[in-house]
Amino acid sequence: MKIYNTLTKEKEEFKPREPGKVSIYVCGPTTYNFIHLGNARSFIFFDTVRRYFRYRGYEVRYVQNFTDMDDKIINRAWEEKENPLFLAEKYVQAYFYDAQALNIQKADIHPKVSQHIPEIIDLIKVLIEKKHAYLVDQDVYFDIATFADYGKLSGRNLDFIQAGARVEVDVRKKNPLDFALWKAAKPGEPFWESPWGLGRPGWHIECTTMALKYLGSGFDIHGGGNDLIFPHHENEIAQAEAATGQPFAHYWIHSGYLTVNQEKMSKSLGNYFLVREILKKFPPETVRFFLLSTHYRSPQDFSEENLNNAARGLERLKTSIILLQEALARFGWSDTSQSSNHKFQTTESEAAFLATLNKLESDFVVAMEDDFNTALALSKLFDLAREVNTYLTQRPETKNQQSEELARVALVKAKELFGSFNEVLGIFKTDVRGDIVLERSFQEKDALVEPLINLIIRLRQEARVKKDWVSADKIRNSLKELGIVLEDTPTGVRWKYKEDNGPVISGAGS
RNA sequence: GGCGGCAUAGCCAAGUGGUAAGGCAGCGGUCUGCAAAACCGUUAUCCCCCGGUUCGAAUCCGGGUGCCGCCUCCA
């Protein structure tokens, strides 16, 4: 497997620290508000990375933190006249709500800064003892001059960094780029006791501490968005390696930005869309599908048009899955618990179909092995859909028993492929057996809808039997205006909600 | 000023030396009472521009143009 490593700026062969095991630390949100779609892009991508490793049989230890103590949170709490930790916890829960909707699985460990103050203090002590940090009044700063490798991740040459170009330099620091490990509490701010007085951790030390605690030095993968490369991850490396004398993380993976009109979606620009707002207009599988349809390191532009485009593409996939499920049910093959390995004389079309399926499976793996190329992997899903559809439409009605059996094996295999691809990409919800569950619509809320539509369909069928095409078409067209699509098939009528959205969401999130 | 990214058909998008995946939209056909869905066929002589290396480049090198990002908190 090849992974692009920000540290070396090259695609490298992935070699785990321990065979068969992968340790991953991903920087989670600072919980002072709801997550937006740009955040979701990163979280969904790393969730997919984790799923893929598992699919490949690795034992994965996945850690994603919450930064629940930080200036932003304090400021926000001040504005809302709320306790900072209480406010942070509120948004932690909000994160889980949004993440679950997007099929982002919970990490094995979700450590919080507020729960790791003693460990953080211990690490700062070590840095002071080793002369990598110094005390100014009641603040503690990291002394970057003592860490020769400073800048190795972000490719920064210290001589050229225009310190203070955009932010006022704290003259008490030895070097403008020195950063706080511990900050003395100002009146009214939350604080913990420390050897240096009452205060709280600086921004970067918490991730270093928690990554070292749960994964240890030299763990496999550290990830986050592009915007964390500098200074956050640069500083994490400095702290960790200065303190331990060992390499911190092996592979550094950074996801590209989600943009709006080519500009980075960001809180400061105000051009962001909250996940929960988007999910009011688009089903979560559409959102996840869209975010995985571009390679993770490329910028991806968000727009309603692009999401609608994704929705129509997804529709094709869903149709194929439905056709397959219907076929399996029709042939009485819905029980897929045991796929047999009979020796049978192969029938040409079935054998070719099966061979194609096997090829697709390996293609999918090849795509993911190449630096997690989810866009390419997704195209294998479309190939799979086409192969399934083609086989289903071309399959002769009468078959001998051997080809029947082979057909069953092939179709079950196709179903399993949809299932395992989805296990990695996480687009569709699944049931306990891991089978894809296609809900008619994310916005289906009324239990009456289903029986009512079935009633209308029956009435229309009566009209069709009488060849009353005028009435039949009138019903179908009227339903379509309501966003409900009818499809007459040889085996009955199928209905579904129209997937794409017309009007554009106006305005950004708050 | 330093560092970095992106530019592929109407739209989205993969592709880092071997002669342009996939999706959406469009067009023609099959199927259908008509549709829809599905299937078949079709849609970039060319990958921002100029030059170079090579038998061969969207892919490598040099130069240029445009857009964006980081250097302050942001996934």
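Each chain gets a letter, A, B and so on, in the order its sequence line appears, and its residues count up from 1. Note: hydrogens, waters and symmetry copies are ignored here, and every other heavy atom, side chains too, is used. From a predicted model like this one, the values you see are computed outputs, not experimental measurements.
B:rC61 and B:rA38 have their C1' atoms separated by 49 Å, with the value rounded to a whole Å. Between B:rA58 and B:rU16, the distance separating the two P atoms is 13 Å to the nearest Å. When the C1' atom is used for both B:rG66 and B:rC55, the distance is 34 Å, rounded to whole Å. Taking atom P in both B:rA7 and B:rC49, the straight-line distance is 13 Å, to the nearest Å. To the nearest whole angstrom, the two C1' atoms, one in B:rA13 and one in B:rG29, are 28 Å apart. A gap of 9 Å separates the P atoms of B:rU45 and B:rG10, to the nearest Å. Using P as the reference atom, B:rA14 and B:rG4 are 22 Å apart when rounded to the nearest Å. For the C1' atoms, the distance linking B:rG62 with B:rA57 amounts to 15 Å, nearest Å.
Heavy atoms of A:L378 sit nowhere under 4.0 angstrom from any nucleic acid atom. Nucleic acid contact class of A:S266 (heavy atoms, under 4.0 Å, all strands): base. Among the heavy atoms of the strands, none lies under 4.0 Å from A:G223. At the heavy-atom level, A:G38 lies under 4.0 Å from base atoms of the strands shown. Residue contacts shown for A:P490 are absent, as no nucleic acid heavy atom lies under 4.0 Å away. Residue A:H295 is in sugar-phosphate contact alone, with no base atom involved, counting any heavy-atom pair closer than 4.0 Å across all strands shown.
Atoms CD (A:E315) and P (B:rA25) sit 10 Å apart, rounded to a whole Å. A:L392 has its CG atom 11 Å from the C1' atom of B:rC39, to the nearest Å. Atoms CG (A:L291) and P (B:rA13) sit 12 Å apart, rounded to a whole Å. As rounded to whole Å, 10 Å separates atom P of B:rC12 from atom CZ of A:F290. In this entry the distance linking CD of A:E234 with P of B:rC3 reads 15 Å, nearest Å. Following rounding to the nearest Å, A:N39 (CG) and B:rC73 (C1') show an atom-to-atom distance of 13 Å. At whole-Å resolution of the value, CZ in A:F382 and P in B:rA25 are 11 Å apart. One atom, CZ of A:F230, and another, P of B:rA75, lie 17 Å apart when rounded to the nearest Å.
With a cut-off of 3.5 Å on both pairing distances, B:rA37 has no Watson-Crick or G-U wobble partner at all. As the counterpart of B:rU54, no nucleotide is assigned, since no Watson-Crick or G-U wobble pattern has both distances under 3.5 Å. Within the shown strands, B:rG26 is the pairing partner of B:rU42 under the Watson-Crick or G-U definition, both distances less than 3.5 Å. Pairing of B:rU19, defined by two Watson-Crick or G-U wobble distances under 3.5 Å, is not identified with any nucleotide. Pairing of B:rG66, defined by two Watson-Crick or G-U wobble distances under 3.5 Å, is identified with B:rC6.
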Query - Nucleic acid footprint by protein, nucleotides 27-37 of chain B - heavy-atom cut-off 4.0 Å, B for base, S for sugar-phosphate alone - result: ------BBBBS
Report summary line: Whether each nucleotide of nucleotides 4-11 of chain B has a protein heavy atom under 4.0 Å at its base (B), only at its sugar-phosphate (S) or at neither (-) is summarised, 5' to 3', as -------B
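Among pairs with a residue in residues 64-74 of chain A, those fulfilling salt bridge (Lys or Arg N to Asp or Glu O under 4.0 Å) read A:D71-A:K183, A:D71-A:R200, at least two apart in sequence or across chains.
Within the 3.5 Å criterion, the main-chain N or O of A:L177 finds a donor-acceptor partner in the side chain of A:N175. For the pair A:T393 (side chain) and A:T390 (backbone), a donor-acceptor distance under 3.5 Å is present. Remark: the backbone N or O of A:A377 is not paired with any side-chain donor or acceptor of A:T374 at under 3.5 angstrom. The closest donor-acceptor contact from the side chain of A:Y257 to the backbone of A:D227 lies under 3.5 Å. No donor-acceptor pair under 3.5 Å is formed between the side chain of A:T259 and the backbone N or O of A:N261.
Scored by the side-chain hydrogen bond (donor to acceptor under 3.5 Å, both in side chains) test, A:R316 finds no partners at all (sequence neighbours excluded). A search for side-chain hydrogen bond (donor to acceptor under 3.5 Å, both in side chains) contacts involving A:Y296 returns A:D371, not counting sequence neighbours. The salt bridge (Lys or Arg N to Asp or Glu O under 4.0 Å) search around A:D301 returns none, not counting sequence neighbours. The side-chain hydrogen bond (donor to acceptor under 3.5 Å, both in side chains) check on A:T67 picks up A:N65, A:E206, with sequence neighbours excluded. In this view, A:S266 and A:S268 satisfy the side-chain hydrogen bond (donor to acceptor under 3.5 Å, both in side chains) rule, not counting sequence neighbours. In this structure A:E13 satisfies the salt bridge (Lys or Arg N to Asp or Glu O under 4.0 Å) test together with A:K2, sequence neighbours excluded.
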Under 3.5 Å, side-chain donor or acceptor atoms of residues 92-103 of chain A against the rest of the protein: list the pairs with distances, not counting sequence neighbours.
unit_1 : atom_1 : unit_2 : atom_2 : d
A:Q93  : NE2    : A:E89  : OE2    : 2.8
A:Y95  : OH     : A:Q64  : OE1    : 2.8
A:D98  : OD1    : A:R276 : NE     : 3.3
A:D98  : OD1    : A:R276 : NH2    : 3.2
A:N103 : ND2    : A:G426 : O      : 2.9
A:N103 : ND2    : A:F428 : O      : 3.3

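A heavy-atom distance below 4.0 Å to RNA chain B is reached by these residues of residues 363-375 of chain A, ordered by number: A:N373, A:A375.
Regarding contacts with the backbone of B:rA38, every side-chain N or O of A:N389 stays at 4.0 angstrom or more from both OP1 and OP2. Phosphate proximity of B:rA14 to A:S379: absent, as no side-chain N or O sits under 4.0 Å from OP1 or OP2.
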Is there any protein nitrogen or oxygen under 3.5 Å from a nitrogen or oxygen in nucleotides 64-69 of chain B, and what are the pairs?
unit_1 : atom_1 : unit_2 : atom_2 : d
B:rG69 : O2'    : A:Y257 : OH     : 3.1

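Using a 3.5 Å distance cut-off with no hydrogens or angles, the side chains of A:R41 and A:T294 do not pair a donor with an acceptor.
A salt bridge links A:D108 with A:R50: the closest approach of a Lys/Arg side-chain nitrogen to an acidic carboxylate oxygen falls below 4.0 angstrom.
Ring centroid separation for the pair A:H222 and A:Y251 does not come in under the 6.0 Å cut-off.
In terms of position along RNA chain B, the nucleotide closest to A:Q300 lies nearer the 5' end than the nucleotide closest to the other residue of the pair A:E387 and A:Q300.
The number of heavy-atom neighbours closer than 6.0 Å to NZ of A:K186, taken from other residues, nucleotides and ligands shown, is 12 or below.
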